[in-house]
Amino acid sequence: MRKKAAITSIMVGLLLFVVWEYSARRVSDLILPQPADVFTVLMRGFTNGYFYPHIMTTLTEIFIGLLIGTALGIGAGIIIGENAFLRNVFSPYIVISQAIPKIALAPLFMLWFGYGITSKVVITALVCFFPLLEATASAMRQVNNEQLALFKLMHASRLQILWHLKIPGGLPSILQGLRVAVILALVGAIVGEFIGANQGLGALITASQSMMDTTLMFAVLIILALIGFLLYGLVNLLEWKLLHLKKGEEKH
């Protein structure tokens with residue numbers, strides 16, 4: 001089944017490539033550049049090192065923001081999930097904060113933190129925070145009642161129940177939140193660069209737009225797609241390792 005799905009996925013990709021090539025031949029390069037031209041720009045940019053500083057800047061913003069947002073989101077999710085009083089107190093404010101588009105706050109962060117990397121990291125951390133908060137808080141409340149009763153029968157402490165039951169049992173939900181946060185981290189960093197930056201892939205897209213260089217813009221979009229795909233794959237790899245580690249511990 002997986003082999004068939006992989007072959008079908010490759011066929012869909014080839015079909016999209018053919019449609020791209022067919023469409024590009026019938027319109028101006030300013031509207032839709034040909035694939036060969038885009039890949040030429042990509043190869044030239046990587047060969048002469050033009051893309052590397054921009055990629056490193058964006059990746060730095062993503063990883064720092066993701067690290068901060070993940071730590072705060074999981075930590076706050078555990079606290080809120082474990083404490084019904086705090087959950088009831090902060091739930092309205094969480095809903096209100098969720099209703100405000102984080103991207104709309106980007107200009108404000110630029111004003112507060114300047115146009116350097118700090119403002120992009122704050123935006124990235126903020127957009128990562130809420131998916132992980134929701135996923136972790138939900139995971140803390142989805143504990144198996146029979147297992148919980150067994151832990152209490154063995155006089156396990158609240159910390160032991162959290163560490164040995166709730167967190168391992170909630171890993172799939174938490175990792176699902178991380179999977180969403182990874183993609184949002186890329187979006188947050190790029191939007192921050194759109195608003196104000198002189199380096200980074202978002203800044204490069206803005207520059208290509210001002211120069212009306214659609215070919216360069218498509219090349220950067222392909223790089224962004226590859227980065228998003230790799231980050232998503234890393235989360236899947238992390239999930240596979242953690243769940244296999246959990247199964248190994250359960251066997252022992």
Side-chain angles (χ1 to χ4, degrees), residues 55-82 86-87 90-91 93-110 112-113 117-142 162-163 166-195 197 200-202 205 221 223-246:
I55 292 174
M56 290 307 300
T57 298
T58 300
L59 286 178
T60 300
E61 295 163 357
I62 290 171
F63 281 117
I64 297 176
L66 184 61
L67 183 63
I68 296 173
T70 298
L72 294 177
I74 292 177
I78 290 174
I79 294 171
I80 291 176
E82 283 286 277
L86 291 179
R87 184 165 61 249
F90 288 105
S91 286
Y93 302 101
I94 293 173
V95 172
I96 292 170
S97 61
Q98 288 270 46
I100 300 173
K102 311 304 176 297
I103 306 306
L105 298 174
L108 190 59
F109 292 143
M110 295 294 173
W112 288 348
F113 302 106
I117 191 174
T118 303
S119 55
K120 285 76 172 179
V121 168
V122 171
I123 295 168
T124 304
L126 188 62
V127 297
C128 294
F129 173 79
F130 289 101
L132 284 160
L133 170 67
E134 288 287 345
T136 306
S138 297
M140 295 302 101
R141 300 194 299 271
Q142 293 172 358
L162 174 65
W163 185 253
K166 292 187 176 181
I167 292 179
L171 267 180
S173 178
I174 295 172
L175 289 169
Q176 181 61 37
L178 181 60
R179 198 175 285 111
V180 174
V182 161
I183 302 302
L184 291 178
L186 180 59
V187 174
I190 294 302
V191 169
E193 291 172 354
F194 279 165
I195 295 173
L201 294 174
I205 291 176
L221 290 175
I223 295 173
L224 288 173
L226 290 174
I227 290 174
F229 186 80
L230 289 174
L231 291 174
Y232 195 86
L234 285 175
V235 176
N236 285 337
L237 179 61
L238 176 64
E239 179 179 21
W240 181 82
K241 286 188 173 294
L242 288 176
L243 293 181
H244 273 67
L245 180 63
K246 177 186 170 186

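Residue numbers count from 1 along this sequence. All values below were derived from every heavy atom in this structure, side-chain atoms included, with hydrogens, water molecules and symmetry-related copies excluded.
- Annotation: salt bridge (charged side-chain N to carboxylate O under 4.0 Å, His left out) contacts involving residues 59-80, sequence neighbours excluded, are absent.
- Residue pairs meeting the side-chain hydrogen bond (donor to acceptor under 3.5 Å, both in side chains) criterion with at least one partner in residues 181-191, sequence neighbours excluded, are absent.
- Annotation: side chain of Ile183 is not in contact with side chain of Phe229 (no heavy-atom distance under 4.5 Å).
- Residues passing the side chain to side chain donor-acceptor pair (under 3.5 Å) test with Thr57, sequence neighbours excluded: Gln199.
- Atom OG1 of residue Thr70 and atom CZ of residue Phe63 lie 11.0 Å apart, to the nearest 0.5 angstrom.
- Between Met110 and Ser119, the shortest heavy-atom distance links the atoms SD-OG, 3.3 Å.
- In this structure, Leu108 CG and Ile195 CD1 are separated by 10.5 Å, a value rounded to the nearest 0.5 Å.
- Considering only residues two or more places apart in sequence or on other chains, Ile79 meets the side chain to side chain contact (heavy atoms under 4.5 Å, CB included) condition with Leu86.
- Within the structure, the side-chain hydrogen bond (donor to acceptor under 3.5 Å, both in side chains) test picks out the following pairs touching residues 223-237 (sequence neighbours left out): Arg179-Asn236.
- Considering only heavy atoms from C-beta on, Val180 comes within 4.5 Å of Leu184 through its side chain.
- Every side chain to side chain donor-acceptor pair (under 3.5 Å) that Thr58 has, sequence neighbours left out, goes to Glu193.
- Nearest heavy atom pair, residue Leu66 against residue Ala185, reads CD1-CB, 4.2 Å.
- Under the rule for a side chain to side chain contact (heavy atoms under 4.5 Å, CB included), the partners of Leu238 that lie at least two apart in sequence or sit in another chain are Leu175, Leu178, Leu242.
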Side chain to side chain contact (heavy atoms under 4.5 Å, CB included) between Val235 and Trp240, intermediate numbers included: CA-CA 9 Å; Val235 176; Trp240 181 82; over 6 Å; no

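- The distance from the CG atom of Leu186 to the CG atom of Leu224 is 5.5 Å, given to the nearest 0.5 Å.
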What donor-acceptor contacts under 3.5 angstrom involve side-chain atoms of residues 121-137, with partners at least two apart or in another chain?
unit_1, atom_1, unit_2, atom_2, d
Thr124, OG1, Lys120, O, 2.7
Thr124, OG1, Ala189, N, 3.4
Thr136, OG1, Leu132, O, 2.7

